[in-house]
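Start at 1 and go down the list; that is how both ligands and their atoms are numbered.
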Amino acid sequence: MSHLIAPSILASDFANLQRESEMLDKSNADWFHIDVMDGVFVPNISFGMPIIKAIRKFSEKTFDVHLMIVEPQKYINDFKNVGADILTVHYEVCNHLHRTLQEIKVAGMKAGVALNPHTNINVLEDLIQDIDLVCIMSVNPGFGGQSFIENTYDKVSSLKEMIIRKKANTLIEIDGGVTSNNARKLLDAGADVLVAGSFVFKSDNPIKTISELKTV
Ligand code: DX5
Ligand code: ZN
């Protein structure tokens with residue numbers, strides 16, 4: 001499978017979400033990466049269900065929703081109802097992660113698990129076959145525009161090795177500080193999906209930047 005690009009709308013112009021969504025829709029982006037923050041799990045508040053519902057009408061591309069919130073299990077059906085296709089919860093906030101993943105799948109979505117930079121991939125050893133997507137945070141979650149943490153490459157290779165050894169079909173997504181400078185090395189380490197916020201939306205020509213990341 002060739003790799004996927006998921007621009008993060010966190011870095012987009014919120015006053016022009018229709019225009020930004022239509023731009024992504026006609027670009028080579030594969031997914032929309034949508035960052036929901038609650039001000040509790042992370043020290044920032046972004047947006048929630050009404051915004052996702054509002055932009056859903058501008059594209060049929062996959063909506064990859066990254067929940068940086070506590071108690072994500074409370075809102076599974078709400079995110080399904082506003083159009084999420086993939087729902088990713090953080091390992092660090094789930095006491096019953098296996099149950100939460102099953103509930104996401106029963107609701108009709110793909111189930112993802114995100115790991116903070118300090119969380120070792122070994123914690124997923126016993127449930128990797130139940131996970132559709134692992135989102136490796138390559139910055140501390142909460143803000144766009146931070147610098148990439150170099151230890152990520154080793155985490156990606158170790159996770160890839162686990163996925164192969166366990167015969168799982170899990171995709172590896174990298175989130176935070178992704179640019180055309182580290183994209184190739186991440187893909188070589190085993191990444192399948194690259195999230196990019198600032199690198200895409202703060203560039204002069206986002207459509208061209210997305211194409212560059214797609215063909216890196
Ligand atoms: C960080 C978010 C990321 C962020 C990435 O908490 O999960 O998705 O938007 O932004 P950049 O690419 O600017 O690091
Ligand atoms: Zn994210």
Side-chain angles (χ1 to χ4, degrees), residues 3-14 17 20-21 23-24 27 29-48 51-52 55 61-70 72 75 79 84-94 104 109-119 131-153 155-156 171-187 191-204 206 209-210 212-214 216:
H3 67 277
L4 305 177
I5 302 300
S8 165
I9 62 157
L10 186 66
S12 71
D13 177 1
F14 288 175
L17 272 179
E20 301 280 53
S21 303
M23 179 280 289
L24 286 188
S27 77
D30 298 281
W31 297 352
F32 283 47
H33 184 83
I34 301 175
D35 289 307
V36 176
M37 304 178 184
D38 67 352
V40 179
F41 176 59
V42 290
N44 194 9
I45 300 176
S46 57
F47 50 75
I51 295 291
I52 301 175
I55 62 172
K61 290 189 178 183
T62 294
F63 272 23
D64 169 35
V65 177
H66 176 194
L67 298 183
M68 283 160 274
I69 66 173
V70 297
Y75 307 102
F79 283 105
D85 298 298
I86 303 170
L87 199 63
T88 296
V89 296
H90 264 265
Y91 170 81
E92 296 82 9
V93 295
C94 292
I104 292 172
M109 295 174 285
K110 299 274 190 200
V113 177
L115 299 181
N116 272 347
H118 72 267
T119 305
I131 307 175
D132 296 307
L133 173 102
V134 174
C135 175
I136 295 190
M137 292 307 303
S138 38
V139 297
N140 283 293
F143 302 93
Q146 304 179 81
S147 12
F148 180 83
I149 297 172
E150 295 287 322
N151 180 53
T152 306
Y153 301 114
K155 283 180 91 159
V156 177
L171 294 177
I172 302 177
E173 176 176 74
I174 314 301
D175 188 6
V178 172
T179 69
S180 55
N181 291 330
N182 52 25
R184 177 37 53 202
K185 198 168 164 189
L186 287 165
L187 297 171
D192 303 291
V193 186
L194 301 178
V195 173
S198 332
F199 187 68
V200 166
F201 285 98
K202 309 298 180 209
S203 71
D204 291 340
T209 305
I210 292 166
E212 269 170 39
L213 287 171
K214 190 70 190 163
V216 73

Asks: For Y153, is there any backbone N or O sitting under 3.5 Å from a side-chain donor or acceptor partner on K185?
Replies: no

Asks: Could you list the atoms of ligand 1 found under 4.0 angstrom from a heavy atom of L10?
Replies: 9 (O)

Asks: Looking only at protein heavy atoms, which one is nearest to atom 8 (O) of ligand 1, and what is the separation?
Replies: D175 OD1, 2.6 Å

Asks: Which bit of F143 is near ligand 1, meaning a heavy atom under 4.0 Å away: side chain, backbone, both or neither?
Replies: backbone

Asks: In ligand 1, which numbered atoms sit nearer than 4.0 Å to a non-hydrogen atom of M68?
Replies: 6 (O), 7 (O)

Asks: Starting at CD of E173, measure out to CD1 of I86 and round the result to the nearest 0.5 Å.
Replies: 7.0 Å

Asks: Got the closest protein heavy atom to atom 12 (O) of ligand 1, with its distance?
Replies: G197 N, 2.7 Å

Asks: Is the backbone of M137 close enough, under 3.5 Å, to the side chain of D175 for a donor and an acceptor to pair up by distance?
Replies: no

Asks: State whether a side-chain donor-acceptor pair under 3.5 Å links D35 with H33.
Replies: yes

Asks: So if I count the atoms of ligand 1 from 1 in the order they appear, which ones are less than 4.0 Å from some heavy atom of A196?
Replies: 12 (O)

Asks: Counting heavy atoms only, which part of S8 comes closer than 4.0 Å to ligand 1: side chain, backbone, both or neither?
Replies: side chain

Asks: Would you check if the Zn ion (ligand 2) lies under 2.8 Å from any N, O or S atom of C135?
Replies: no

Asks: Taking K61 for its side chain and L24 for its backbone only, find out whether a donor-acceptor pair lies under 3.5 Å.
Replies: yes

Asks: Output the list of atoms in ligand 1 that are nearer than 4.0 Å to some heavy atom of M137, sorted by atom number.
Replies: 7 (O)

Asks: Got the closest protein heavy atom to atom 6 (O) of ligand 1, with its distance?
Replies: G142 N, 2.7 Å

Asks: Angle class for the F14/F47 ring planes (parallel below 30°, perpendicular above 60°, tilted otherwise)?
Replies: perpendicular

Asks: Look only at interatomic distance and state if G145 has a nitrogen or oxygen under 3.5 Å from any nitrogen or oxygen of ligand 1.
Replies: yes

Asks: Tell me, which protein residue and heavy-atom name are nearest atom 13 (O) of ligand 1, and how many Å apart are they?
Replies: S198 OG, 2.3 Å

Asks: Taking the Zn ion (ligand 2) as the vertex, how big is the angle to NE2 in H33 and OD2 in D175, rounded to 10°?
Replies: 100°

Asks: Quick one: the ND1 of H66, the Zn ion (ligand 2), OD1 of D35 angle, rounded to 10°, please.
Replies: 90°

Asks: Under 3.5 Å, is there a donor-acceptor pair between the S138 and T152 side chains?
Replies: no

Asks: Counting from 1, what ligand 1 atoms have a heavy atom of G176 closer than 4.0 Å?
Replies: 14 (O)

Asks: Does any non-hydrogen side-chain atom of I52 lie less than 4.5 Å from one of F32?
Replies: no

Asks: Shortest non-hydrogen contact from K155 to T119?
Replies: NZ-O, 2.9 Å

Asks: Work out whether the distance between some heavy atom of A11 and some atom of ligand 1 is less than 4.0 Å.
Replies: no

Asks: Step through the shown structure and confirm whether more than 12 heavy atoms of other residues, nucleotides or ligands are within 6.0 Å of OH on Y91.
Replies: no

Asks: For H33, counting its heavy atoms only, list the atoms of ligand 1 lying under 4.0 Å from any of them.
Replies: 8 (O)

Asks: Does the H3 side chain pair with the main chain of L213, one donor and one acceptor, at a distance under 3.5 Å?
Replies: yes

Asks: Would you indicate whether the side-chain heavy atoms of I104 and F79 approach each other to under 4.5 Å?
Replies: no

Asks: Suppose I only count heavy atoms of H66 and a 4.0 Å limit; which atoms of ligand 1 are within that range?
Replies: 7 (O)

Asks: Counting only N and O atoms by type, is there a donor-acceptor contact under 3.5 Å from the side chain of T62 to the main-chain atoms of D64?
Replies: no

Asks: Any heavy atom of M37 sitting closer than 4.0 Å to ligand 1?
Replies: yes

Asks: Can you report which non-hydrogen protein atom sits closest to atom 14 (O) of ligand 1, along with the distance?
Replies: G177 N, 2.8 Å

Asks: I need the nearest protein heavy-atom contact for atom 10 (O) of ligand 1: residue, atom name and distance, please.
Replies: G144 CA, 3.6 Å

